[in-house]
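Report on the structure given below.
In listed order, ligands and their atoms are each counted from 1.
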Amino acid sequence: MQETKSTFCRICEVGCGLNITVENNRIIDIKPDGEHVISKGYACVKGLSLGQFYQSPDRLTHPLKRVNGELKKISWDQAIQEIGDKVAQLKRDKGPDSIALYLGNPISMSLLPPMLATGFLQGIGSRNLFQTGSQDCNNKFVVTQRMYGMPFTQAFPDIDHTKLLIIVGGNPAISKMSFIQLPHPTQRLKAIEDRGGRIVVIDPRRTESAKKLGEHHFIRPATDVFFMLGFLNELIRRGGVDGDRISKHMKHYEDLKRFADPWTAERVAEVTGIAAEDLKELVASYIAAEGAAIYSSTGVNQGGNGVLTFWIQECINAISGNLDRRGGTIVGVGIADLPALGAKNKMAMGTERSRVGDLPSAVDSFPAAIMADEILTPGPNQVRALVVAAGNPLLTVPNGTHLAEALKDLELLVCTDIQRSETSEYAHYILPGTTFLQRPDIPFLFFSMMGMQPTPFIQYTDPVLEPDDEQRDELWMFSQLCKASGSPMFGSRIFQGILNLGYSLGRLPFLKNWLTPAQERLIGLVTLFTGQGTLRKLRKFPHGKLIAPQQPGNFLGQRVLTEDGKVDLAPSEFLELTDRLDGLFEQELAQADRLKLISKRERYTHNSWTHNIERMVKGDRNTNYVYMHPGDAEKRSLANGDLAHVETKTAVITLPVRITEDMMRGTVAVPHGWGHKNAEGLSVARKNAGANVNLLAADGPESVEPISGMAHLTGFIVDVRAASTES
Ligand SMILES: Nc1nc2c(c(=O)[nH]1)N[C@H]1C(S)=C(S)[C@@H](COP(=O)(O)OP(=O)(O)OC[C@H]3O[C@@H](n4cnc5c(=O)[nH]c(N)nc54)[C@H](O)[C@@H]3O)O[C@H]1N2
Ligand SMILES: Nc1nc2c(c(=O)[nH]1)N[C@H]1C(S)=C(S)[C@@H](COP(=O)(O)OP(=O)(O)OC[C@H]3O[C@@H](n4cnc5c(=O)[nH]c(N)nc54)[C@H](O)[C@@H]3O)O[C@H]1N2
Ligand code: SF4
Ligand SMILES: [Mo]
């Protein structure tokens, strides 16, 4: 019998409402949910094409073990026992840190799986957590930890009231944004202009967003820190600061002012490529606007200076009086006050140092860009086993060549995924997990718990599909791994004991429905304790339920979690980091005529994992390209469609060229997530391989950004030449 169920997509942060028609556990149709309280009938091609994923013969349905180089189906009992034994042996012989976890992006969009995976690592007692935050956003967490006292305190632009929004290094039209939950972002942002406001996009590419929304300024890649500095300098010069707010709620303003003093609009223009007059006009408009905000995203985060850039951005929003103001930026309140809870329990504030490179942890994890070194560098606590939970680091972290070498060296590599991947080609065991449509959920943690929602709502979804064959959910999988390795989840014997007992008794047919520990039950506890009611109540709102709107004016003086409750405008660690800026400025001037490479996200591909869906790689979408300006192409005798080598000290990749005026001169863009030619288990992606741009990026402790450990994935120097020419 056909049945249509309302749920929400969890591919990206938006979480669009979907109506999915199912028959015999198969998807018949996916439509946007017109009644959804925030997405209101909006969904993108990725969510709507999911049905094709479920038709693929490449889906994982059984645990696999590599035996003499071949993958063989094995039972769960065997997989759990063998992995558990190996983990226990390594923990005993080489210490808990010899076991590491890489937590990928896709399951992090769901509430429980990331907690359960880290609960497994915590149970073992290992510090070696790696996660995609060091590829996309850890700079933001470390900045707000120092400025506001907690990484989970994140301000977002008050989209529905702002008069001026400056978007730096984000492309809402394609990515649908990050650190703010905004379905149909272009429509929602367009409304700013319709109200007579202004949107300005700062990007080395004339992006889809720049074309649809407002004005655009090209910026030389990875010079955003100088743009922000020039902005700050001009803001102070023009007296665009709110002295009252500063003296009441902030500290170290004088240090900030002193530091900004030499960075005039004229000076920074030399490296950013944004004319001093344009910057001055923008600052004047920012000051004049009744509510303005600067927002930045991965184009800044991944550029090697994400900490300094985001810090200065936050200072601009704060000292101008726009932080915690209508039309400025808002620090939302989630269904739970995660920042306060986190501060009380010292969550994500760890100060561990990595074994290799002595780097600090950020939000309790180490940079994924040192994972290969942690595996390959001999000595006590060397990583010997890696569990990859919904990740494909081989394609998504810098220098996949080095990582491949490291993965080969591991004594144990376990990948849990929904299909095979480039990373799992090196795995000893591959475990079939569930997809988000097979799990119950509430909206993404950032939004439900950190309140980064312009229109707050709560929604509960039951699973839409049952697991197929031997697919298993993360609660079962990680609790079984914990049990088999003798390491209770979260290090709690009580919690593990309850899970064990539940699963054992749940085997008895008449108790099955009562005692099987289900993810639903845990989520039910979360909704109950956060005052959202029982799941039974929430099920009455299948399209979501609006909750109290976010308000400005309740953060400063009330929810700032630094010791004295004041916003720290100049944390000493950041001031120390500014020593590097003069050198960087000189370096920029010296390399002004070199090409820089930037990232580019595409409408049809999601990081590395949607390339096995036929529709996503149809026609000329069958590869990634090198996008370049006509002038840069001509100089290298490259015509549209020619093959070009793109080269750094780390590697050379070869791709067809696309010539476009949308690129800033001196900049080339290559989409990431490609390079599937060795993916045995991905029949479609393999034929539409493209090349892995991250082979060009450097890894290792020297290559990551200080403090945040962010990988440097955009804005680095490359050489491009026709593939027909020899080097
Ligand atoms: N279709 C699609 N959507 C996605 C994803 C996907 O892979 N595909 N990924 C999802 C994920 S995991 C995330 S984290 C979000 C990210 O969401 P966004 O941060 O919005 O990501 P991008 O679309 O890559 O936008 C980054 C922009 O930065 C620009 N840029 C690159 N280098 C620089 C620089 O040095 N300075 C400046 N000012 N700009 C620069 C790029 O040209 C690009 O326009 O997107 C999510 N949404
Ligand atoms: N050059 C460059 N590199 C980048 C970026 C960039 O902009 N430029 N962006 C970075 C960003 S923002 C991110 S977030 C990272 C992403 O990095 P990763 O998380 O490592 O990679 P993904 O491609 O998102 O997906 C990882 C795997 O998860 C699997 N998967 C999907 N859904 C599920 C599920 O429900 N359960 C399980 N078990 N597995 C599932 C997929 O099949 C895939 O194999 O990449 C980063 N890398
Ligand atoms: S915008 Fe994001 S959440 Fe919405 S359908 Fe597309 S991928 Fe899914
Ligand atoms: Mo991301």
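Close contacts between ligand 1 and V168 involve ligand atoms 38 (N) [criterion: under 4.0 Å to a heavy atom]. Applying the 4.0 Å criterion to heavy atoms of Q135 picks out, from ligand 2, the atoms 10 (C), 15 (C), 17 (O), 45 (O), 46 (C). Near A222, meaning under 4.0 Å from one of its heavy atoms, ligand 1 places the atoms 34 (C), 35 (O). Close contacts between ligand 2 and G104 involve ligand atoms 19 (O) [criterion: under 4.0 Å to a heavy atom]. Short contacts between ligand 1 and E602, defined as distances under 4.0 Å to a heavy atom of the residue, involve ligand atoms 1 (N), 2 (C), 8 (N). In the vicinity of Y102, heavy-atom distances shorter than 4.0 Å reach the ligand 2 atoms 17 (O), 18 (P), 20 (O). Contact atoms of ligand 2 toward T132: 14 (S), 15 (C), 16 (C), 17 (O), 18 (P), 19 (O) (distance under 4.0 Å to a heavy atom of the residue). Counting the atoms of ligand 3 from 1 in the order shown, those under 4.0 Å from a heavy atom of G15 are 3 (S). Counting the atoms of ligand 2 from 1 in the order shown, those under 4.0 Å from a heavy atom of V693 are 1 (N). Here is the list of ligand 2 atoms found below 4.0 Å of a heavy atom in T416: 38 (N). When each atom of ligand 1 is checked for a heavy atom of T714 under 4.0 Å away, the hits are 31 (C), 32 (N). Every atom of ligand 1 is numbered from 1 in the order shown, and the set under 4.0 Å from a heavy atom of P221 is 35 (O). Close approach to T605 involves these atoms of ligand 1, each under 4.0 Å from a residue heavy atom: 1 (N), 2 (C), 6 (C), 7 (O), 8 (N). Set against the non-hydrogen atoms of Q419, the atoms of ligand 2 under 4.0 Å away are 42 (O).
Geometrically, ligand 2 and Q302 share a nitrogen or oxygen pair separated by less than 3.5 Å. At least one N or O atom of A390, backbone or side chain, sits closer than 3.5 Å to an N or O atom of ligand 2. Between I202 and ligand 1, at least one pair of N/O atoms sits closer than 3.5 Å. Annotation: T207 places no N or O atom under 3.5 Å from an N or O atom of ligand 1; distance criterion only. In terms of polar-atom proximity, N171 is counted as a contact of ligand 1, with an N or O under 3.5 Å from an N or O of the ligand. The shortest N or O to N or O distance between S297 and ligand 1 is under 3.5 Å. Considering both main-chain and side-chain atoms, H606 never comes within under 3.5 Å of ligand 2 through any nitrogen or oxygen pair. Distances between N or O atoms of R205 and those of ligand 1 include no value under 3.5 Å.
When only non-hydrogen protein atoms are considered, atom 26 (C) of ligand 1 lies nearest to G169 O, 3.3 Å. Looking only at protein heavy atoms, the nearest one to atom 47 (N) of ligand 1 is S175 O, 2.9 Å. The protein heavy atom nearest to atom 4 (C) of ligand 2 is H672 CD2, 3.3 Å. Of the protein's non-hydrogen atoms, G299 O, 3.2 Å is the one closest to atom 34 (C) of ligand 1. Given atom 40 (C) of ligand 1, the protein heavy atom at minimum distance is P204 CD, 3.3 Å. Nearest non-hydrogen protein atom to atom 12 (S) of ligand 1 is N607 ND2, 3.3 Å. The shortest contact between atom 44 (O) of ligand 1 and any protein heavy atom is with D203 OD2, 2.7 Å. The nearest heavy-atom contact from the protein to atom 24 (O) of ligand 1 is R601 NE, 2.8 Å. What sits closest to atom 35 (O) of ligand 2 on the protein, heavy atoms only, is R439 NH2, 3.0 Å. In terms of protein heavy atoms, atom 33 (C) of ligand 2 is closest to I418 CD1, 3.6 Å.
Residue T396 holds the heavy atom nearest to atom 46 (C) of ligand 2 of all those in V397, T396, N694. Considering N392, N105, D417, D136 only, the shortest heavy-atom separation from atom 29 (C) of ligand 2 involves D417.
Electrostatic pairing of E470 and R472 counts as a salt bridge here, judged by a charged N lying under 4.0 Å from a carboxylate O. The residues K211 and D662 are annotated as salt-bridged, a charged nitrogen and a carboxylate oxygen being separated by less than 4.0 angstrom. For R10 and D441, the salt-bridge test passes: some basic side-chain N is under 4.0 Å from an acidic carboxylate O. Between R665 and D632 a salt bridge is recorded (basic side-chain N to carboxylate O distance below 4.0 Å). At a threshold of 4.0 Å, the pair K677-E680 does not count as salt-bridged, since none of the basic side-chain nitrogens sits closer than that to a carboxylate oxygen.
Looking only at distances, a side-chain donor or acceptor of E705 sits under 3.5 Å from a matching main-chain atom of V307. Put simply, the side chain of E374 never gets that close to the backbone of A368: no donor and acceptor are under 3.5 Å apart. Here the side chain of S49 pairs no donor or acceptor atom with the backbone of K46 at under 3.5 angstrom. One N or O on the side chain of T423 and one on the backbone of L394 form a donor-acceptor pair closer than 3.5 Å. Without hydrogens or angle criteria, N624 side chain to A691 main chain gives a donor-acceptor distance under 3.5 Å.
Expressed to the nearest 0.5 Å, how far CG of L116 lies from OG of S110 amounts to 10.5 Å. With rounding to the nearest 0.5 Å, the separation of OG in S39 from CG in L18 is 7.5 Å.
With 3.5 Å as the limit, one finds no donor-acceptor pair spanning the side chains of N678 and R686.
Ring planes of W674 and H611: perpendicular class, angle over 60° (limits at 30 and 60°). Between F179 and F141, the ring planes lie tilted relative to each other; the angle falls in the 30° to 60° range. Note: F218 and H216 have perpendicular aromatic rings, judged against thresholds of 30 and 60 degrees for the angle between ring planes.
For atom 6 (Fe) of ligand 3, protein N/O/S neighbours under 2.8 Å (waters excluded) are C44 SG.
Assignment of T434 to the shell around ligand 2 is supported, since a heavy atom sits closer than 4.0 Å. At a 4.0 Å cut-off, not a single heavy atom of G433 sits close enough to ligand 2 to count as contact. In this structure, R603 counts as a contact residue of ligand 1, since one of its heavy atoms falls inside 4.0 Å of the ligand. For the ligand labelled ligand 1, residue K46 lies inside the 4.0 Å heavy-atom shell.
Residue contacts with ligand 2 for S421 involve side-chain atoms from C-beta outward but no N, CA, C or O (heavy atoms, distance under 4.0 Å). With a heavy-atom cut-off of 4.0 Å, S599 touches ligand 2 through its side chain alone. Of the heavy atoms in D224, only side-chain atoms (C-beta onward) come closer than 4.0 Å to ligand 1.
Remark: aromatic rings of H36 and F457 are close, center separation under 6.0 Å.
Within the 4.5 Å cutoff, no side-chain heavy atoms of N694 are placed close to those of N399. At a threshold of 4.5 Å between non-hydrogen side-chain atoms, the residues L413 and V388 count as touching.
For the side chain to side chain contact (heavy atoms under 4.5 Å, CB included) with L696, the qualifying choice from I653, L713, V652 is I653, the only one to do so.
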